[in-house]
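Below, chains carry the letters A, B, ... as their sequence lines are ordered, and counting in each starts from 1. These figures come from a predicted structure and were not determined experimentally.
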Amino acid sequence: MAEEPDRDVYPEPPRRTPAPNPQSAIPNPLNLVYAIFHYGVDVPVTAFREWMEQHHAKNRYYYYQQTYRRVPDLTQCLEADFPCIYEAELQWKRDYKVDQEIIKIMRDRLTACMQREKYDADQMCAKEKEQFTQTSKAYQTKYGDLGGFGNSKSCLMKQKHRMIDERKAGQQKVQH
Amino acid sequence: MAAMSLLHRAAAALGSRRVVPSALRWGRFPELLRQSLGVPGAVAAVRHCSHGKKLFTIKATTYYDKRFLRLLRFYILLTGIPTMIFIIGVNVFVGQAEFAEIPEGYIPKHWEYYKHPITRWIVRYVHDPPEKDYEKGLAIVAREAERAECRRKEKEVLRFMRSRGDGPWYFSPTPDTLSTVRPQMATELCHVHPVIPWCLK
């Protein structure tokens, strides 16, 4: 099952459901359905869950987020220093994964905003949209057409060619 | 097939009397049957009682199919049920870890980066720590790099020795057959075959 959205990070707008205003004396039959569901399913499940949480609270243990030390980059490795290149490659792969997660978070923010605002999304979500376009542009410039077999070397070469093209464009602009 | 068995059943119910097929449909309403047939006279009515007489109908065997399904269920559940009981017990009584920031000055063990207790157990007692895996990878890379460097140097030295015609490496001296068997070819140089040292292969 997908993770439940964090209600603190992506808050929902306040509900505008009107208070019940029954026009007839007949009671709403749906209340019976809600009551059956509540006492038949909700209460037992909640009770079991609370009992379980009591058990867990007795011996609690934690997990942490792994932090990796930074190692020299591919640009700082000597030409035939293969262990250094291997370490730089692993670090590049970790950074690639982190950047992918960043893009996912930006996209989730934008979609949460659009879901919240619905028809007003064009006006109210401009900031999130701007952030998402900027980050995805940066992601595309760095990792964009590397393909499934991309590695730190191909990424570095892509950057090199981009810098060469920018320099050429600058020189042409100066000439004209 | 079913119609035939129904017919058999109807015939058996009435003894040896042959029944018109449409009697099966209109058996309870003889008047309608008489009208549909357009024939006056006595019409046999089908009497349905106690689901008809039980007959031994001939059909293909399902023994092997049922046996397969029975054995499949048995062998899947033989280990499946204990596994499910164990996993449910772990989830209910031990519970998953909670996320926390790394405390100051504390270096977590390598299994304390995982949430589920079974995963933590596997990482702690089955897998190698990630530092060891990292060093293993680095060791493989370094060893292969050294071997590649040796091979490169060997090729370069052989190239030089061949082009210059000299070299301090070990060569096996061959008998001077050219000057004895064919003295007219003694002016050509002998080929020297360097023996490759054992450590570089």
Members of residues 37-48 of chain A whose heavy atoms come closer than 4.5 Å to chain B: Phe48(A)
Structural part of Gln96(B) lying under 4.5 Å from a heavy atom of chain A: backbone
Flag if over 12 foreign heavy atoms under 6.0 Å of CD, Glu53(A): yes
Heavy-atom pair count under 4.5 Å with chain B, highest-scoring of His56(A), Lys58(A), Arg49(A): His56(A)
Neighbour count >12 (heavy atoms, 6.0 Å) for atom NZ, Lys136(B): yes
Residue Asp65(B) excluded, over 12 heavy atoms near CG under 6.0 Å: yes
Working for side-chain contact (heavy atoms from CB on, under 4.5 Å), residues Phe99(B) and Gln65(A): CA-CA 8 Å; Phe99(B) 183 69; Gln65(A) 184 182 12; 4.1 Å; yes
Atom CH2 of Trp121(B): over 12 foreign heavy atoms under 6.0 Å: no
Heavy-atom contact with chain A under 4.5 Å, split by part of Glu149(B): neither
Heavy-atom closest contact (Pro117(B) atom, Tyr61(A) atom, distance): CB-OH, 3.4 Å
Contact origin within Leu90(A) toward chain B - heavy atom pairs under 4.5 Å: side chain
Results of side-chain contact (heavy atoms from CB on, under 4.5 Å) for Arg60(A) - residues two or more places apart only: Ala57(A), Tyr62(A), Glu98(B)
Greater than 12 external heavy atoms within 6.0 Å of Ile107(B)'s CD1: no
Over all atoms of both residues, closest heavy-atom pair of Tyr64(A) and Ala100(B): CD2-O, 3.3 Å
For chain A, the option from Trp111(B), Tyr113(B), Tyr114(B) that forms the most heavy-atom pairs under 4.5 Å: Tyr113(B)
Glu87(A) to Tyr134(B) - nearest heavy-atom pair and separation: CG-OH, 3.0 Å
Met124(A) CE: over 12 foreign heavy atoms closer than 6.0 Å: no
For residues 148-159 of chain A, dump all side-chain donor-acceptor pairs below 3.5 Å to protein atoms at least two apart in sequence or in another chain.
unit_1    : atom_1 : unit_2    : atom_2 : d
Asn151(A) : OD1    : Ser154(A) : N      : 3.1
Asn151(A) : OD1    : Ser154(A) : OG     : 3.1
Ser152(A) : OG     : Glu89(A)  : OE1    : 2.9
Ser154(A) : OG     : Asn151(A) : N      : 3.1
Ser154(A) : OG     : Asn151(A) : O      : 2.9
Lys158(A) : NZ     : Gln140(A) : O      : 3.1
Lys158(A) : NZ     : Thr141(A) : O      : 3.2

Tyr63(A) to Arg120(B) - nearest heavy-atom pair and separation: CB-NH1, 3.8 Å
Neighbourhood of chain A inside residues 74-86 of chain B, taking heavy atoms under 4.5 Å as contact: none
